[in-house]
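Read the structure below first, then the notes.
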Amino acid sequence: MTRHHRRLACRRPVARPLLATLAAALSLVVALGAGRVGAASGDSVPGHPAAGHPAAGTEVVSATDGAVHIRVTASRHGFGHEGEGFRFEVRQGQEVTLTFEYGDDDLERDNPHVFLVQGYGIRTERLDRNNPEVAVTFRADRAGTFTIRCIEPCTGHSNLLAGRLEVLAAAGATPEGGSELAVGLAAAATRRQPGGLTLVAAVVDPAGNPVPGVRVAFYEQASFLDQSGWAELGTAMTDPQGLARLDVTLYRPGELTFAARVAGRGPRTEARLTASAAGPVAGYQPEPRALGVPFINVRLIWLAAAGVWATYAMAAYQVYRVYREGKAWSSGA
Amino acid sequence: MNAAYRRLEAASFRPLTEHTRGFLALVAGLFFVAGWGAYAWSLQLRHGLAVTGLNDLVPWGFYITNFVMFIGISHAGTFISAVLRLTGVGWRKPVVRMAEFMTIASLVVGAMMPLVDLGRPERILNVLRFGRLESPILWDLVSITSYLVGSLIYLYLPLIPDIARCRDALGDRVPAWRRRLYTALAAGWRNTPGQREALERGIRTMCVIIIPVMISVHTVVSWIFAMTLRTGWHSTIFGPYFVVGAIYSGIAAVITGMAIFRRAYRLQEWFTDRHFVYLGNLLLATGLFYFYFTFAEYLTIGYKLEPADKALLLELMVGRYAWVFWFWWLAGWLVPVLLLALPPTRNAWGVVTASVLINVGMWVKRYFIVVPSLALPLMPYEWALYRPTWVEFSIVIAAFAGFALLLAGLAKLFPLISLWEMEEDLAGEAPAREERPRVGRRAARKSGRVTRPAVAWGDGGEEGGAND
């Protein structure tokens, strides 16, 4: 499960059983069609590269029920021509061929890469100027999210660490009628993380049956400077009950709007939820680090400064003594 | 009062009462340069930092380099005065006052530089309003303020007897406002036993407290760098490294100042060759310490050679900063150390030449501590570009002019040599005759100059001197 934790606080802690009850009720509501929202919404949730919708620099060479062939450019900027990233979904059981293309021809020196599909233990040959295309083929027999990363100390190494291959569970493989899926969203406080909030999305098929093994992306409506939009909080796979959960942390008080949608092909299915975080909000605080340790506290700085200035005062007092003596001497004279 | 003391008093009072044409021309020139810098700053205030070469990636350039440089110079006065006073080194007496003047002047100018770098100087108040105790910036504000106030007290206390002499001896030779100033600052000094006891106690107290404050200042300056997770700054030895560097450049600045004042004020009898040689020995010792720290710094980085460290070291040694890096090694360290260590150049000329080279070299050293670490990309981008503009050059040069003006002003207001302390020596009350270096003595013999007023000055003197 992929999670992007965000800081926050919440109003009331709610017990886990209550959360489960809430989620079950939510499933029911969604099954009845009340949670079918989003397609009509004008405020769209941003999508992410998926099969059939690749980012620039990523190409689906071929895709059948049994096999998929994906080609991606890798350069110091990251995956894709301009470092757009690499995130791809396949279905469990498909034969996957990943072809990596060398994208650093504009560099004077060679910038070799070797890619590893973590979890599958598959690594490519060395990709470099003399070997500008390498490919690996394997069967995606395990569901989950797998990181594809470069393991060669190359230029721009940090940009080539977060390729994602998502293998959707066979049972919940994105159905042909993806648009028929419905998703509902609920939120409840969690005690697992102080001040945390758990977003729960329930996914059901047209018959009202929970859909396991599909990936749900969660979003928060956010603004930064004069820009606003949907910021992705993270994704989670639905469990056998068709529920996907994501723990987040509120970082500001007030009304917060979340959305969830099934990641995959077909029209977006999304749900909105406005949560109120009127209680104490964690906010961003620096970690205490060493200065938070008792007796090595920052107050020592003030104590030291006070000691210094007190000593100055003692020295300045000697000037007063000089003045007083001089005055007495003048009076005596 | 013996003849030597009378010569000293005359030499000290002469600059206070006479203004030569050369001095007036110098002051006019310095005012012009400082004024030009003020004009450049006004442009910067009007149009913002866009008129400088500073940018979002390199927000610290010439200004912060200057800041570190001047705060470093300020260490010299305290080190030479307080440390040598506590250790009972007698030869310090003629030079301490000038070193203390330098401390004040450099602290004032140094403290100005971050204000200039801010672009919006009034925002310095935000450090007080919103400053966090965890921030080294706030520590820096506290320590520099403490050091400035402490240095003023430490300068003022030993000045009291001399100010009283100015009050009593200068009379109509100075304007009325200065007579009033001397009277006020003399604090009724009559050289009574009680006053002497209070003064000694005050000086002793300040001697003890000003040393840790001095060390704290440059340590905290270094922590502003070291507590930032940037390549080249994130070092545990930056505190002592900066302090030693400050003393190194500070002593060099004092020696340079001594050479200028010796020539301008005709103080050859008091700023003798042996003072230069002694200070040269101190300079050599701190230079070797500085090499040790520099070597340790680069070795520990270069041994592990993380990718970012490697990129920085390559740029420093063979890349775009190579010329400043090697200039410092040659002009800021190797050549001065050779001049200070080799017998043929261990004389006043050699020491002054080494000091001038160190002054320039250490400014350059501060430059490549500050700028390359900021220019180094933390993300996969090109190295940041920093090209200082004429505005920055003007302000930096004006800062040096302002420093010289402050120094000249202080030397015009107060005696440049501590008369009452020298009088004690000349009267034989405070022996403090340390062994002299062989080279200095030999150099003195060769030049035929008497390097120590060792003859018949102990005629008893006059208790209290001129003001009695």
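Proximity to chain A (any heavy atom under 4.5 Å) is restricted, for B:Tyr156, to the side chain, taken from C-beta onward. B:Thr192 touches chain A through its side chain: at least one heavy atom from C-beta onward sits under 4.5 Å away, while N, CA, C and O do not. Using a 4.5 Å cut-off between heavy atoms, B:Leu138 touches chain A through its side chain atoms alone.
When the shell of 6.0 Å around OH of A:Tyr120 is examined, it contains more than 12 heavy atoms from other residues, nucleotides or ligands. More than 12 non-hydrogen atoms from other residues, nucleotides or ligands lie less than 6.0 angstrom from NE2 of A:His157. More than 12 heavy-atom neighbours from other residues, nucleotides or ligands sit within 6.0 angstrom of CZ on B:Phe130.
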Applying side chain to side chain contact (heavy atoms under 4.5 Å, CB included), run through A:Glu325 and B:Glu197 and close with a yes or a no. CA-CA 11 Å; A:Glu325 284 270 340; B:Glu197 188 269 332; over 6 Å; no
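Interface with chain A: from residues 208-228 of chain B, residues B:Ile209, B:Ile210, B:Val213 qualify, criterion being any non-hydrogen pair under 4.5 Å.
Of the listed residues B:Ile153, B:Val142, B:Val149, B:Leu157, the one with more heavy-atom pairs under 4.5 angstrom with chain A than any other is B:Val149. Ranked by heavy-atom pairs shorter than 4.5 Å toward chain A, the options B:Glu200, B:Met206, B:Arg201 are led by B:Arg201.
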What side-chain donor-acceptor pairs closer than 3.5 Å can you find for residues 124-134 of chain A, not counting sequence neighbours?
{"unit_1": "A:Thr124", "atom_1": "OG1", "unit_2": "A:Phe115", "atom_2": "N", "d": "3.0"}
{"unit_1": "A:Arg126", "atom_1": "NE", "unit_2": "A:Asp128", "atom_2": "OD2", "d": "3.0"}
{"unit_1": "A:Arg126", "atom_1": "NH1", "unit_2": "A:Glu152", "atom_2": "OE2", "d": "3.3"}
{"unit_1": "A:Asp128", "atom_1": "OD1", "unit_2": "A:Asn130", "atom_2": "N", "d": "3.1"}
{"unit_1": "A:Asp128", "atom_1": "OD1", "unit_2": "A:Asn131", "atom_2": "N", "d": "2.8"}
{"unit_1": "A:Arg129", "atom_1": "NH1", "unit_2": "A:Glu108", "atom_2": "O", "d": "3.1"}
{"unit_1": "A:Arg129", "atom_1": "NH2", "unit_2": "A:Leu107", "atom_2": "O", "d": "2.6"}
{"unit_1": "A:Arg129", "atom_1": "NH2", "unit_2": "A:Arg109", "atom_2": "O", "d": "3.4"}
{"unit_1": "A:Asn131", "atom_1": "ND2", "unit_2": "A:Arg126", "atom_2": "O", "d": "2.9"}
{"unit_1": "A:Glu133", "atom_1": "OE1", "unit_2": "A:Arg71", "atom_2": "NH1", "d": "2.9"}

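To the nearest 0.5 Å, atom OG1 of residue B:Thr205 and atom CE of residue A:Met314 are 5.0 Å apart. Atom CD1 in B:Ile160 sits 13.0 Å away from atom OH in A:Tyr323 (nearest 0.5 Å).
Considering every non-hydrogen atom in both B:Ser146 and A:Trp309, the closest pair reads OG-NE1, 2.8 Å. Of all heavy-atom pairs between B:Gly194 and A:Arg321, the closest is O-NH2, 4.3 Å. What you find for B:Gly202 and A:Ala315 is that their closest heavy atoms are O-CB, 4.1 Å.
A donor-acceptor pair under 3.5 Å links the side-chain atoms of B:Gln195 to the main chain of A:Val322, judged by distance alone.
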